[in-house]
Amino acid sequence: MKISNNTILITGGGSGIGLALAEALAQADNQVIVAGRSPNKLENAAGKGLKTFTVDMADEKSIYTLAQNVTREFPSLNVVIHNAGIMKNENLIKGNHPGIARETVDTNLLGPMHLTDALLPHFLKQPHATIMTVTSGLAYAPLNLTPTYSATKAAIHSYTESLRYQLRNTKIEVLELVPPYVQTHLMGDRQANDPNAMPLQDFITEVMQILKTQPGAKEILVERVKAQRFSASSGQEAYEKFFAQLNDRMTEARKNEF
């Protein structure tokens with residue numbers, strides 16, 4: 001990915017990884033636009049000098065409206081980072097809430113698919129463009145407490161692979177950013193202050209270093225996520241051990257909220 005002189009749209013850019021990445025990319029001489037649904041978060045982002053748009057990534061019409069408005073106001077748009085997502089606990093034994101599963105699939109999976117579809121005609125006209133999906137280490141070894149979230153990230157990984165292949169003969173590159181467990185408010189204050197999670201700024205610093213020094217990388221993998229990303233590489237037994245350790249640890253840590 002070209003690290004500077006881009007016009008970049010980041011969904012879910014009002015907080016967490018999205019906002020931190022937006023600030024870092026803006027400092028690298030890019031025009032950065034963030035989109036989200038929280039007025040307060042967007043106001044905060046605007047106060048940092050970022051251009052903002054409102055979007056509901058669970059609403060197809062809202063997504064296509066965003067694409068029309070952004071490409072009209074910023075015809076040089078050539079990068080989209082699909083960062084918006086929600087992550088909620090689901091106790092399947094006690095009875096799942098269908099609304100959680102539906103909202104998670106709509107936001108985390110269908111949202112990026114719709115926005116990619118809406119932006120592709122514009123990106124195909126650009127001299128160079130980048131589509132970056134944001135998945136998770138949980139796409140490769142899921143967290144049992146958040147089954148739908150983990151499933152959507154696995155699906156987005158698969159979608160990214162197919163999209164990259166279909167666009168192989170175009171000037172659009174397709175990247176996958178794979179975060180580990182990071183200190184953000186994705187699941188509230190507990191995660192943001194969890195010493196077992198990777199500090200947000202450390203994550204962003206390492207991501208930017210990878211983008212600068214490994215321009216041909218298709219997957220953006222910080223060191224901390226590699227064990228999870230490649231947990232199945234040593235065979236089924238090794239994967240099952242990793243999966244059990246991850247889920248035993250996280251289940252114990254979150255037992256009061258589950």
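Just so it is clear, the model here is predicted, and its values are computed rather than measured. Just so you know, these numbers use all the heavy atoms, side chains as well, and skip hydrogens, waters and symmetry mates.
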Taking all atoms of both residues into account, what is the closest heavy-atom pair of [X] and [Y], and its distance?
| X | Y | answer |
| --- | --- | --- |
| P142 | L246 | O-CD2, 3.8 Å |
| K153 | S136 | CG-CB, 3.8 Å |
| A45 | G13 | CB-O, 4.4 Å |
| P195 | Q183 | CA-NE2, 4.0 Å |
| F123 | T130 | CE2-O, 3.7 Å |
| Y181 | N196 | CD2-O, 3.9 Å |

Within a reach of under 6.0 Å around [atom1] of [X], are more than 12 heavy atoms found that belong to other residues, nucleotides or ligands?
| X | atom1 | result |
| --- | --- | --- |
| K2 | NZ | yes |
| E161 | CD | yes |
| R102 | CZ | no |
| R37 | CZ | no |

Just so I know, are the side chains of [X] and [Y] near enough to count as touching, which here means a heavy-atom distance under 4.5 Å?
| X | Y | answer |
| --- | --- | --- |
| T148 | T152 | yes |
| R254 | L143 | yes |
| L167 | I131 | yes |
| H128 | E173 | yes |
| M132 | L211 | yes |
| M87 | L138 | yes |
| I63 | M57 | yes |
| Q27 | M208 | no |

Say you draw a straight line from [atom1] of [X] to [atom2] of [Y]; how long is it, rounded to the nearest 0.5 Å?
| X | Y | atom1 | atom2 | result |
| --- | --- | --- | --- | --- |
| F74 | Q31 | CZ | CD | 5.0 Å |
| L200 | S15 | CG | OG | 10.0 Å |
| N78 | L9 | CG | CG | 11.0 Å |
| L50 | E23 | CG | CD | 6.5 Å |
| E103 | N108 | CD | CG | 9.0 Å |
| S38 | D56 | OG | CG | 12.0 Å |

Going by the side chain to side chain donor-acceptor pair (under 3.5 Å) test, name the single residue among T116, T11, T160 that passes it with H82.
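Filter result, single survivor: T116.
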Test L177 against every option in L21, V225, I210, V222 by the side chain to side chain contact (heavy atoms under 4.5 Å, CB included) rule and name the one that passes.
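Among L21, V225, I210, V222, the one meeting side chain to side chain contact (heavy atoms under 4.5 Å, CB included) with L177 is L21.
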Let me see the working for F203 and T184 under side chain to side chain contact (heavy atoms under 4.5 Å, CB included), right down to the final yes or no.
CA-CA 11 Å; F203 172 69; T184 72; over 6 Å; no
Where the side chain of [X] meets the backbone of [Y], is there a donor-acceptor pair that is under 3.5 Å apart?
| X | Y | value |
| --- | --- | --- |
| R229 | K226 | no |
| T107 | T104 | no |
| D29 | N5 | no |

Indicate if [X] and [Y] have the same hydrophobic cluster label, given that clusters are the connected sets of ILVMFWY residues with side-chain heavy-atom separations under 4.5 angstrom.
| X | Y | result |
| --- | --- | --- |
| V70 | V79 | no |
| F53 | L19 | no |
| M1 | I17 | yes |
| L163 | V134 | no |
| V55 | I33 | yes |

Under 3.5 Å, is there a donor-acceptor pair between the H122 and Q126 side chains?
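Side chains of H122 and Q126: pair found under 3.5 Å.
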Could you tell me if E176 and T133 have a donor-acceptor pair between their side chains, going purely by distance under 3.5 Å?
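There is no such pair (donor and acceptor under 3.5 Å, judged by atom type) between the side chains of T133 and E176.
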Taking R224 first and then E206, would you say they form a salt bridge - that is, a charged N and a carboxylate O separated by under 4.0 Å?
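Salt bridge absent between R224 and E206.
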With side chain to side chain contact (heavy atoms under 4.5 Å, CB included) as the test, would you mind laying out the steps for F230 and L221 before giving the verdict?
CA-CA 11 Å; F230 300 113; L221 302 170; 3.8 Å; yes
Would you please test L25 and N6 for side chain to side chain contact (heavy atoms under 4.5 Å, CB included) and show each step?
CA-CA 9 Å; L25 288 168; N6 299 293; over 6 Å; no
May I ask you to establish whether K61 and Y64 are in a cation-pi arrangement, using a distance under 6.0 Å from NZ or CZ to the six-membered ring centre and at most 45° from the ring axis?
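Not flagged: K61 not positioned over aromatic ring of Y64.
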For P147, what residues pass the side chain to side chain contact (heavy atoms under 4.5 Å, CB included) criterion, not counting sequence neighbours?
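P147: side chain to side chain contact (heavy atoms under 4.5 Å, CB included) contacts with E90, L92.
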I would like to know whether M187 and T146 meet side chain to side chain contact (heavy atoms under 4.5 Å, CB included); could you show each step before the answer?
CA-CA 11 Å; M187 295 196 77; T146 57; 4.1 Å; yes
